[in-house]
Number of protein chains: 2
Amino acid sequence: MTIDSELPGSSTKRASRPRANSLTVRDVAKAAGVSPATVSRVLNGNDRVDEKLRKHVERVADDLGYTPHAAARALASQRSHTIAAVVPSLEDPNFAVGVSALQQALTVEGYTLLIANSNYDEEEELRQVRALAAHGIAGMMLVGAQHSSQVYDLLETRNIPFVNTWVLDKGHPSVGFDNYQIGRTVANYLLDLGHTCFGVVAQRSPRSDRAASRLAGIRAALQERAGYVPHEYVIDRSHRIMDGQHGLRMLLALPDRPTAIICGTDTLAFGVLVEAQAQGLRVPEDLSVTGINDVEFAAHLTPPLTTVRLAVSEVGMHAAEYLLARIEGRPTLPAMSIPFSLIVRGSTGSPKR
Amino acid sequence: MTIDSELPGSSTKRASRPRANSLTVRDVAKAAGVSPATVSRVLNGNDRVDEKLRKHVERVADDLGYTPHAAARALASQRSHTIAAVVPSLEDPNFAVGVSALQQALTVEGYTLLIANSNYDEEEELRQVRALAAHGIAGMMLVGAQHSSQVYDLLETRNIPFVNTWVLDKGHPSVGFDNYQIGRTVANYLLDLGHTCFGVVAQRSPRSDRAASRLAGIRAALQERAGYVPHEYVIDRSHRIMDGQHGLRMLLALPDRPTAIICGTDTLAFGVLVEAQAQGLRVPEDLSVTGINDVEFAAHLTPPLTTVRLAVSEVGMHAAEYLLARIEGRPTLPAMSIPFSLIVRGSTGSPKR
DNA sequence: TTGTAGGCGTTATCAG
DNA sequence: CTGATAACGCCTACAA
């Protein structure tokens, strides 16, 4: 026998709104014979609750399979326990790995990660950041330092901690690589081998400040020791294999033929190797080729690719560390440099000519 | 002159809680000279509001740069406008591309995507699904059909629409490939070429029901026409290049040497090609090799890889379509098969022996 | 240490 | 068509 009609004589009552079919703190409280406040305190760990009571409430909550309503919690506490990452592309394994590491670190700390995709487009990035801000995120990871001023404004007025990644940035907190030094390192290595005429195949710089910094580093190294790379020796298109192939074709058509090709990614370098073979050029005897990233296949190309290894997952880990520290009011470093290393393999050598 | 002290003589007032520093509907309402209810109606589009008033409110909201508070909205409306995807790995370009497509489709419809990573682990997947459920998500995309029963229970009791992807599933809604047919297609193609002794290098089946279905398809085709693949001719490890290399070494050590190797991914096939070259085997004269996925580099290997092209981004698109339809109460199809096609290139041929 | 109750920002019901 | 106003589920200042 059920009694469910003890309610209103008063007809002021409203029609009840559709309710989520899950339990609430009140259900748990009732079941445990305590007040909702106590349940809340237990679940948020940090308050002083009698040890026995705490154990009891925890058990009851667990038995009932209770999970707090994230939105309600966020609304009441003004803290969302949610962090966002906006990356240029999820399909680039580089970013996928970094985001993966970020997520892992955040999950451990009970935070949820929201991932968005800007498609290498500043406008789209702004849209995404806006949407994310509406979700009351507690912090945000961005890629690169080049963002719409409205992005920076929004983040600052809303007081949302953020960190630029994959770059080192003087003006903002950052976790990333010294891309300028990466460029210098590669260029110097090739100069040491005796190369003097260089070609560069990279991603379009306006879309990637990382690529731009590396190019600047390359230019600087060359200028110090052997001149410079003229504009027509820098081919910047996209980042696919066929862009590498096309890039080499362009470079070979130039009057003074380069003996070394510096590529912005391993994928581009793969394209260059493919095209070199198609043109009957021997690598490294006729042409030296370098990549950046040290992706899985780099070591297995013929010849194995000389490239720069980036500790990408460290970017995600340290970004998480930085954001959590900011959110929880702990002290933070303004910038964190992630190491890289030149991996010399068979695709580079002294020019034989 | 401002009057802001007309409030309480009564000291029952509480200390004000920390407020979000952003505007609320009330601010917009005040500025537009209407009630919060009207603002809400305008912003949610669907109600009957006088056209002039609507325009006015829209302008005011826009000028103020108002963005609704997602958590509050979710709490009040019991709809979160958030969808989740749990994938085995974000670093696998396959899933990255699918998720990317899903996100794009959802963003267009004003939904936010939450991405989680199960690391090919059922327990971890359960944890992620639980956390996601707490976030009041409106729907969920899963990979494969093999999930902890608790996952299915949770989704069903909470009444959360979900869709299994990358597979076709009789028991649950799904968007994916007919993996069994993929296996059959590849095997039949090789049988047609005249091969009789096969090796298989794939991902560990218990972790991937996709791999298991494909293997079943392969076995079925062989059994119908030329026997079968003994257990020791199936090498299932992980999915890296070196696993492919190792796999071929194992297979070559077997008494009856296979003339064709079917690989579960292009990456594994790459490994097999590398090892074949190392062993001095000519492909396809001495050994035929196939992959699955048709990733970017497949066409550029030496020899170019025969593989199966999967329309991965369609998986994401149709998953989005399905979930939105369910959420909005529109009719849905129980299962959607995404096309695949065999791409024949240079890594396969008739056995010369 | 525990309970009570007001409010977080929005939506949706009801009355006008 | 518009305006009050009661929830939504939780947290936290305050009282006990």
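Quantities reported herein were computed from a predicted structural model and do not represent experimental measurements.
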Counting only pairs under 3.5 Å, give me each side-chain donor-acceptor contact of residues 129-140 of chain A, with atom names and distances, residues two or more places apart or in other chains.
{"residue": "A:Arg130", "atom": "NH2", "partner": "A:Gln150", "partner atom": "OE1", "Å": "3.3"}
{"residue": "A:His135", "atom": "NE2", "partner": "B:Thr112", "partner atom": "OG1", "Å": "2.9"}

Side-chain polar contacts of residues 97-104 of chain A - donor-acceptor pairs under 3.5 angstrom, sequence neighbours left out - could you list them?
{"residue": "A:Ser100", "atom": "OG", "partner": "B:Asn117", "partner atom": "ND2", "Å": "3.0"}
{"residue": "A:Gln103", "atom": "NE2", "partner": "B:Ile115", "partner atom": "O", "Å": "2.6"}

Tell me the interatomic distance from A:Leu23, atom CG, to D:dG9, atom P, rounded to whole angstroms. 11 Å

Under the 3.5 angstrom rule, does the side chain of A:Ser89 hit a backbone N or O of A:Asn119 as a donor-acceptor pair? no

In whole angstrom, give the distance that lies between atom NZ of A:Lys55 and atom P of C:dT1. 16 Å

Any A:Arg73 side-chain nitrogen or oxygen under 4.0 Å from OP1 or OP2 of D:dT12: no

Assign each of B:Ser35 and A:Tyr66 the nucleotide of DNA chain D bearing its closest heavy atom; nearer the 5' end lies the nucleotide of B:Ser35

N or O in side chain of B:Thr24 less than 4.0 angstrom from C:dG9 OP1/OP2: no

Using five pairs at each end of the helix from C:dT1-D:dA16 to C:dG16-D:dC1 to define an axis, what is the angle between those two axes, to 10°? 40°

List for me each residue that meets side-chain contact (heavy atoms from CB on, under 4.5 Å) alongside B:Ala335, sequence neighbours excluded, and say none if there are none. B:Ser174

Atom NE2 of A:His81 and atom P of D:dC10 are separated, to the nearest Å, by 15 Å

In whole angstroms, how far is the P atom of D:dC1 from the NE2 atom of B:His56? 18 Å

Classify A:Pro68 by what it touches in the nucleic acid, base, sugar-phosphate, or nothing, heavy-atom distance under 4.0 Å. sugar-phosphate

For residues 317-333 of chain B, which side-chain donor-acceptor pairs fall under 3.5 Å, sequence neighbours excluded?
{"residue": "B:His318", "atom": "ND1", "partner": "B:Glu314", "partner atom": "O", "Å": "3.0"}
{"residue": "B:Tyr322", "atom": "OH", "partner": "B:Arg326", "partner atom": "NH1", "Å": "3.2"}
{"residue": "B:Glu328", "atom": "OE1", "partner": "B:Arg330", "partner atom": "NH1", "Å": "2.5"}

Heavy-atom nearest nucleotide on DNA chain D taken for B:Thr38 and for B:Leu75; more 5' hit belongs to B:Thr38

What residues form a side-chain contact (heavy atoms from CB on, under 4.5 Å) with B:Asp153, not counting sequence neighbours? none

Please state how far atom CD in B:Glu51 lies from atom P in D:dC1, giving the value in whole angstrom units. 10 Å

